[in-house]
Amino acid sequence: MAGPKASGLDLGRIVSEVHDELATRIGEGTVADYIPELARVDPRQFGIALVTPEGEVAAAGDADRPFSIQSISKVFLLTLALGRVGESLWTRVGREPSGSPFNSIVQLEHEAGRPRNPFINAGAIVVTDVAMAGHSPREAIGEILRFMRYLADDDDIAIDRAVAASELDTGARNQALGWFMRSFGRLDHEVEKVLGVYFHHCAIAMSCRQMARAGLFLAASGRDPLRGHSVVRPARARRINALMLTCGLYDASGDFAYRVGLPAKSGVGGGILAVAPGQASICVWAPGLDAFGNSRLGGLTLEALARRTGWSVFG
Ligand code: GLU
């Protein structure tokens, strides 16, 4: 769609101009190399897509190329787990920024194996354990994949088995987190099974366009506005957004809130999902990461987009 919409913004033009401006910096950052399959990804890729609650879509660059969503899956897993057990989830995991790297183990000992928040690896492993209740690992993986396909309104979304296998082979740190939490009695299922599910949801492959569509309910008070379905209650969407804002970019969450001002969740595949409530769901992808494990170009792109549109949760 072209031309100014209800917002008065010509989003198609803004997205393509922001893309072109930042494309001069394509390739910056370092691809995640601790997962061998991700180390092989060409860093010279860059896509952006956004979807508005009215159904307007704006996209540029590699917006249709699937990438490994990695930790962005944690937002959707949290949504599923909250749907499953409600607010009692918070007896298992906290809601505070960690100020520590995504795969850190240090706080866990002081805090008796209860992870700080659902978006660091330890927290997401606990949330995975909760979401597995009553399911075999295979069923749990199937449920997560179905949820992503439903939200993105696209049945072609799949798990990249090579990425999942690569993480299983090399996931010593996540194994350590799992066993450490298990030692505090914090996991209901066997560590191997929980990690198997965790690695598979991190290995879902989606394009920017699919991810922006999947996140639309967070920009639309918990509803899928294009199908008229309720995904979660408005209060829950607000709370998931609050967690994304405070914890979504690991120990760079404060800096990102300052620079961009939107709830977001990054993944080490180089994607970032950002939510402008009432305005748009946005996904950017560029595989080169900064020192915190967040897409370098992705952060700069969202900063430029927020500046151009005036979108911010801070007024
Ligand atoms: N699967 C990755 C890991 O567990 C996710 C990390 C991320 O995207 O931040 O290390």
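Both ligands and their constituent atoms are indexed starting at 1 by order of listing.
With 3.5 Å as the limit, one finds no donor-acceptor pair spanning the side chains of Y150 and D224. Remark: the D129 side chain and the H189 side chain contain an N/O donor-acceptor pair separated by less than 3.5 Å. In this model, no donor atom of one side chain and acceptor atom of the other lie less than 3.5 Å apart for D62 and Q45.
Of the heavy atoms in C202, only side-chain atoms (C-beta onward) come closer than 4.0 Å to ligand 1. At a heavy-atom distance under 4.0 Å, no atom of F199 approaches ligand 1. Under 4.0 Å from ligand 1, the heavy atoms of E167 that appear belong solely to its side chain. For N121, every heavy-atom contact with ligand 1 shorter than 4.0 Å involves the side chain, none the backbone.
Listed by atom number, the atoms of ligand 1 under 4.0 Å from G267 heavy atoms are 8 (O).
Nearest to atom 9 (O) of ligand 1 among the protein's heavy atoms is Y250 OH, 2.3 Å. For atom 7 (C) of ligand 1, the nearest protein heavy atom (residue, atom name, distance) is S71 OG, 2.6 Å. Looking only at protein heavy atoms, the nearest one to atom 1 (N) of ligand 1 is Q70 OE1, 2.6 Å. Closest protein heavy atom to atom 10 (O) of ligand 1: Y34 OH, 2.5 Å.
Taking the charged nitrogens against the carboxylate oxygens, D155 and R149 have no contact shorter than 4.0 Å, which rules out a salt bridge. Between R227 and D153 there is a salt bridge, since at least one side-chain N of the basic residue sits less than 4.0 Å from a carboxylate O of the acidic one.
Atom CZ of R114 has more than 12 heavy atoms from other residues, nucleotides or ligands within 6.0 Å.
Below 3.5 Å of separation, one finds an N or O of V268 facing an N or O of ligand 1.
With Y250 as the aromatic partner, K265 meets the cation-pi criteria of under 6.0 angstrom to the ring centre and within 45 degrees of the ring axis. Judged by the 6.0 Å and 45° rule, R65 forms no cation-pi pair with W285.
Using a non-hydrogen distance threshold of 4.0 Å, N103 does not register as a contact of ligand 1.
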